[in-house]
Amino acid sequence: MRAVQIDRFGGPEVMTVNADAAVPEPEAGEVLIRVLAAGTNPLDYKIRDGSSGVAKKLKPEDFPVTLGREACGIVEALGPGVTEFEVGETVFGMPALTHRSGCYAEYAALPVDCLARVPEGGDPIVFGGTGLVLSTAITAAIDQGKVQAGEKVLVHGGTGGVGQLVIQLCKRVGAEVWAVASTRNQDRLAELGAHPIDYRTQDFTEVSPKMDLIIDGNYFGTFEPSLDHLVPGGRIVVLPSLADLTPAKERGIEAHIPVFPPMPRRLEEYAPAIASGDIQVEIAQVLPFEEAAEAHRVLETGHSRGKIILVP
Ligand SMILES: NC(=O)c1ccc[n+]([C@@H]2O[C@H](COP(=O)([O-])OP(=O)(O)OC[C@H]3O[C@@H](n4cnc5c(N)ncnc54)[C@H](OP(=O)(O)O)[C@@H]3O)[C@@H](O)[C@H]2O)c1
């Protein structure tokens, strides 16, 4: 099969399409899926360049590594003992970060406990880019952020893959949301139902009230001013995994970084709303595997909008 792999850490150019990659064997509790669409995420380039915590766990014998931590595909074969899915069903999800089988590939062997069904009529391209960002948004907004109706919430990075979902989840529970992005993305923030803030021309601390909850998808330059922009008892959730929460903890401010197990039943709960478009997963670009390096270059700017999807 064809798979986008790295044989060492490095820049986007270390990714190559291996046309002779082995089709993975589904082990007990896994299914083999034929990948229809694989989502790209900042995590992928942080694994590719060796900077993420997950990359540091990779051993020389793990290479070549197939990248990709979320996908949508059709079940092609069942591993031993699998009764949860049938061949031919369309599924989506996010394998654990250390799972051996990557999603930038024509086939992936994924554990059933990371997969949910795509509802009838759901767009595989959209669902290919949903597993990781929706799991993150649920964890950040609902589980760690504990967002409540009537609360004031601020989202830094509101037009990113995760940020757009965070805004929508917070609006659905009845919170009032302010969201920050650059000038060109102000209309999108408003479409999602947030009060838009332009970090290029405005200071969020001056143009919005103090918040009950801040979800910070940016961290660099936004985290410390955000701590001063919380009401007493306010909470902050910071998305980048390597963020240092010490300044919050020292001040007694509840602060989290999302860490979560696969959550297929909760993905399934939101899937009808994703399929109908009630919850939007914005697709910015759909690129073939051969252009994975272009997807990473855009992600690495820190200014990609919505999701970039790779297709076989
Ligand atoms: N802990 C976890 O489990 C977890 C899971 C998923 C993601 N993450 C991390 O969370 C971060 C966001 O992920 P993502 O997929 O949403 O990223 P993304 O799609 O690359 O989005 C980044 C967004 O940030 C905005 N932005 C850039 N500079 C900003 C600033 N100074 N103030 C406010 N917004 C700014 C950009 O908007 P403009 O283009 O308008 O600047 C862009 O829309 C990444 O670091 C990712 O690695 C962590």
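Atoms within each ligand, like the ligands themselves, are counted from 1 in listed order.
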Heavy-atom contact check, 4.0 Å cutoff: does [X] meet ligand 1?
| X | value |
| --- | --- |
| F260 | yes |
| K307 | no |
| Q164 | no |

Where does T136 meet ligand 1, judged by heavy-atom distances below 4.0 Å: at the side chain, the backbone, both, or neither?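 The part of T136 near ligand 1 is the side chain, not the backbone.
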Side chain, backbone, both or neither: L239 near ligand 1, heavy atoms under 4.0 Å: both
Can you tell which of E30, E70, R69 makes a side-chain contact (heavy atoms from CB on, under 4.5 Å) with P95? R69
Using a 4.0 Å cut-off to any heavy atom of [X], which atoms of ligand 1 qualify?
| X | result |
| --- | --- |
| L132 | 6 (C) |
| V180 | 33 (C), 34 (N) |
| S304 | 18 (P), 19 (O), 20 (O), 21 (O), 42 (C), 43 (O) |
| A181 | 40 (O) |
| R184 | 39 (O) |
| K46 | 44 (C), 45 (O), 46 (C), 47 (O) |

What is the nearest protein non-hydrogen atom to [atom], stated with its residue, atom name and distance?
| atom | value |
| --- | --- |
| atom 3 (O) of ligand 1 | P258 O, 3.3 Å |
| atom 37 (O) of ligand 1 | T159 OG1, 3.7 Å |
| atom 17 (O) of ligand 1 | P42 CG, 3.6 Å |
| atom 40 (O) of ligand 1 | S182 OG, 2.5 Å |
| atom 32 (N) of ligand 1 | Y199 CD2, 3.4 Å |
| atom 28 (N) of ligand 1 | N218 OD1, 3.3 Å |
| atom 7 (C) of ligand 1 | V162 CG2, 3.9 Å |
| atom 36 (C) of ligand 1 | G302 O, 3.4 Å |

Ignoring hydrogens and geometry, is there a side-chain-to-backbone donor-acceptor pair from [X] to [Y] under 3.5 Å?
| X | Y | value |
| --- | --- | --- |
| H296 | T40 | no |
| D203 | T205 | yes |
| N185 | S182 | no |

Of the options E61, E27, E25, which is the one that meets R100 in a salt bridge (Lys or Arg N to Asp or Glu O under 4.0 Å)?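 That would be E27; it is the only one of E61, E27, E25 passing the salt bridge (Lys or Arg N to Asp or Glu O under 4.0 Å) with R100.
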Rounding to 0.5 Å, atoms CD1 (I33) and CG (L110) come to a distance of 4.5 Å
Could you give the distance from CG (D198) to OG1 (T183), rounded to the nearest 0.5 Å? 3.5 Å
Any donor-acceptor N or O pair under 3.5 Å, side chains Y104, D44: yes
Side-chain donor-acceptor pair present, H256, T139, cut-off under 3.5 Å: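 Their side chains do not contain a donor-acceptor pair, so the 3.5 Å distance test is not met.
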Nitrogen or oxygen atoms of [X] and ligand 1 under 3.5 Å apart:
| X | result |
| --- | --- |
| T222 | no |
| N185 | yes |
| R305 | no |
| G217 | no |
| G157 | yes |
| H303 | yes |
| G161 | yes |
| V133 | no |
| G160 | yes |
| H156 | no |

Among F204, F220, Y219, find the residue that satisfies the ring-ring contact (aromatic ring centres under 6.0 Å, His included) test when tested with H156. F204
Table please: side-chain donor-acceptor pairs of residues 76-92 below 3.5 Å, with sequence neighbours left out.
{"unit_1": "E76", "atom_1": "OE2", "unit_2": "R34", "atom_2": "NE", "d": "3.3"}
{"unit_1": "E89", "atom_1": "OE1", "unit_2": "E86", "atom_2": "N", "d": "2.8"}
{"unit_1": "E89", "atom_1": "OE2", "unit_2": "R117", "atom_2": "NE", "d": "2.7"}

Salt bridge or not for E300 and R297, using N-O below 4.0 Å?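 Salt bridge flag = no for R297 with E300.
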E290 with R2: basic N within carboxylate O range, under 4.0 Å: yes
Over 60° means perpendicular and under 30° means parallel, so classify the ring planes of W178 and H195, tilted if in between.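 Answer is tilted, since the angle falls between 30° and 60°.
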Which of these passes side chain to side chain donor-acceptor pair (under 3.5 Å) with E254: K146, R235, K249?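 Single side chain to side chain donor-acceptor pair (under 3.5 Å) partner of E254 among K146, R235, K249: K146.
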Under 3.5 Å donor-acceptor pairs involving side-chain atoms of residues 167-174, not counting sequence neighbours:
{"unit_1": "Q168", "atom_1": "OE1", "unit_2": "Q280", "atom_2": "N", "d": "2.7"}
{"unit_1": "Q168", "atom_1": "NE2", "unit_2": "Q164", "atom_2": "O", "d": "3.0"}
{"unit_1": "Q168", "atom_1": "NE2", "unit_2": "Q280", "atom_2": "O", "d": "2.8"}
{"unit_1": "K171", "atom_1": "NZ", "unit_2": "G193", "atom_2": "O", "d": "3.1"}

Please name the pair of heavy atoms, one in A295 and one in L310, separated by the smallest distance, quoted to 0.1 Å.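 Looks like CB-CD2, 4.3 Å.
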